[in-house]
Amino acid sequence: MSGKTKIVILKMKELICAGIFLALGILAIILLVITLKKKDDSSALAPQDPSAIYVPGTYTTAMVLNGSNVELAVTVDETAILSIELQNMDETVSVMYPLMEPALEELSSQILELQSIEGIEYSSDNLYTSTVLLNAITSSLNQAKITEKTE
């Protein structure tokens, strides 16, 4: 007998570990394929109206004031800005920043009338407060804008 017979002994623990790693590898490959084949969902959300400027919805921008989170929410439809409001503003923030709500009312009335953030005027009394609010409104509107027209 010139050839020696080799006997391989596999323990059950090794088989289970190999099976688990094989299953995880297959799952990772499946998830990778699904992720790469997944189409961009933004085209499904894009409105059909060619004159549309925004994707309808409510867009928020977070601001931290005095250690508290305050959200500025801008609601739009396809062609217009519908409302601008502060959310999650507690009493301590409103006491510490008393000009926040009047400045927002002033800005929102102008923006809703003009349907643009261009040409907005605000008093020198509310200069910094209005600037912070206008930056947050701009950020929310940039989130809402349609970036690519679909054909």
Side-chain angles (χ1 to χ4, degrees), residues 1-101 103-105 107-112 114-118 120 128-151:
M1 287 194 192
S2 62
K4 294 184 178 179
T5 306
K6 292 184 180 179
I7 298 174
V8 178
I9 299 173
L10 297 175
K11 295 180 183 175
M12 187 60 112
K13 184 176 182 181
E14 291 174 352
L15 286 175
I16 292 174
C17 287
I20 289 173
F21 284 125
L22 181 66
L24 287 175
I26 292 171
L27 181 65
I29 291 171
I30 291 172
L31 289 176
L32 182 65
V33 168
I34 290 172
T35 304
L36 292 177
K37 285 192 171 192
K38 188 174 183 182
K39 292 184 179 180
D40 187 17
D41 289 338
S42 63
S43 63
L45 296 175
Q48 301 300 322
D49 186 10
S51 65
I53 303 169
Y54 306 112
V55 177
T58 300
Y59 298 88
T60 60
T61 299
M63 300 182 295
V64 178
L65 301 173
N66 197 29
S68 298
N69 288 333
V70 177
E71 292 180 347
L72 183 117
V74 177
T75 304
V76 295
D77 67 4
E78 292 180 347
T79 57
I81 303 167
L82 301 177
S83 69
I84 303 169
E85 59 188 11
L86 289 171
Q87 295 178 340
N88 301 332
M89 187 167 171
D90 57 359
E91 288 183 34
T92 57
V93 174
S94 62
V95 169
M96 293 297 289
Y97 299 95
L99 297 177
M100 188 67 67
E101 290 175 349
L104 181 64
E105 288 176 13
L107 289 174
S108 65
S109 66
Q110 291 181 46
I111 291 170
L112 293 176
L114 297 173
Q115 289 298 310
S116 171
I117 54 174
E118 302 297 324
I120 301 298
Y128 298 112
T129 305
S130 296
T131 303
V132 168
L133 289 171
L134 201 54
N135 288 340
I137 293 168
T138 303
S139 175
S140 294
L141 287 175
N142 286 339
Q143 292 174 26
K145 282 189 180 174
I146 297 174
T147 55
E148 185 177 302
K149 296 276 185 183
T150 58
E151 294 182 10

Would you name the heavy atoms of Pro56 and Glu78 that are closest together and state the gap between them?
CG-CG, 3.5 Å
So, Ser139 side chain and Asn135 main chain: donor-acceptor pair closer than 3.5 Å or not?
no
To the nearest 0.5 angstrom, please state how far the OG atom of Ser140 sits from the CD atom of Glu71.
9.5 Å
To the nearest 0.5 angstrom, please state how far the CG atom of Asn88 sits from the CG atom of Leu72.
11.5 Å
Minimum heavy-atom distance between Ser83 and Leu112, given as atom pair plus value
N-CD2, 4.0 Å
Can you give me the closest heavy-atom contact between Thr129 and Met100, atom names plus distance?
CG2-CA, 3.8 Å
Side-chain donor or acceptor of Gln115 paired with backbone N/O of Ile81 under 3.5 Å:
yes
Quick one, Ile84 and Leu104 - any side-chain contact, counting heavy atoms below 4.5 Å?
yes
Considering residues at least two apart in sequence or located in another chain, which fulfil the side-chain hydrogen bond (donor to acceptor under 3.5 Å, both in side chains) criterion with Thr58?
Thr75
Rounded to the nearest 0.5 Å, the CD atom of Glu105 sits from the CG atom of Leu86 at a distance of 9.5 Å
Which distance, rounded to the nearest 0.5 Å, do you find between the CG of Leu22 and the CG of Leu27?
11.5 Å
When every non-hydrogen atom of Ile111 is compared with those of Leu134, the smallest separation belongs to CD1-CD1, 4.2 Å
Taking side chain as C-beta onward, heavy atoms only, is Tyr54 less than 4.5 Å from Leu141?
yes
Closest non-hydrogen atoms of Thr61 and Ala136, given as atom of the first, atom of the second and distance, are OG1-O, 3.3 Å
Once rounded to the nearest 0.5 Å, what's the spacing between atom CD of Gln110 and atom CD1 of Ile117?
12.5 Å
On a heavy-atom basis, which atom in Ser116 and which in Ile120 lie closest, and how many Å separate them?
O-CD1, 3.7 Å
For a 4.5 angstrom cut-off between non-hydrogen side-chain atoms, does Gln143 reach Val74?
no
Leu99 side, atom CG; Leu133 side, atom CG - distance, nearest 0.5 Å
10.0 Å
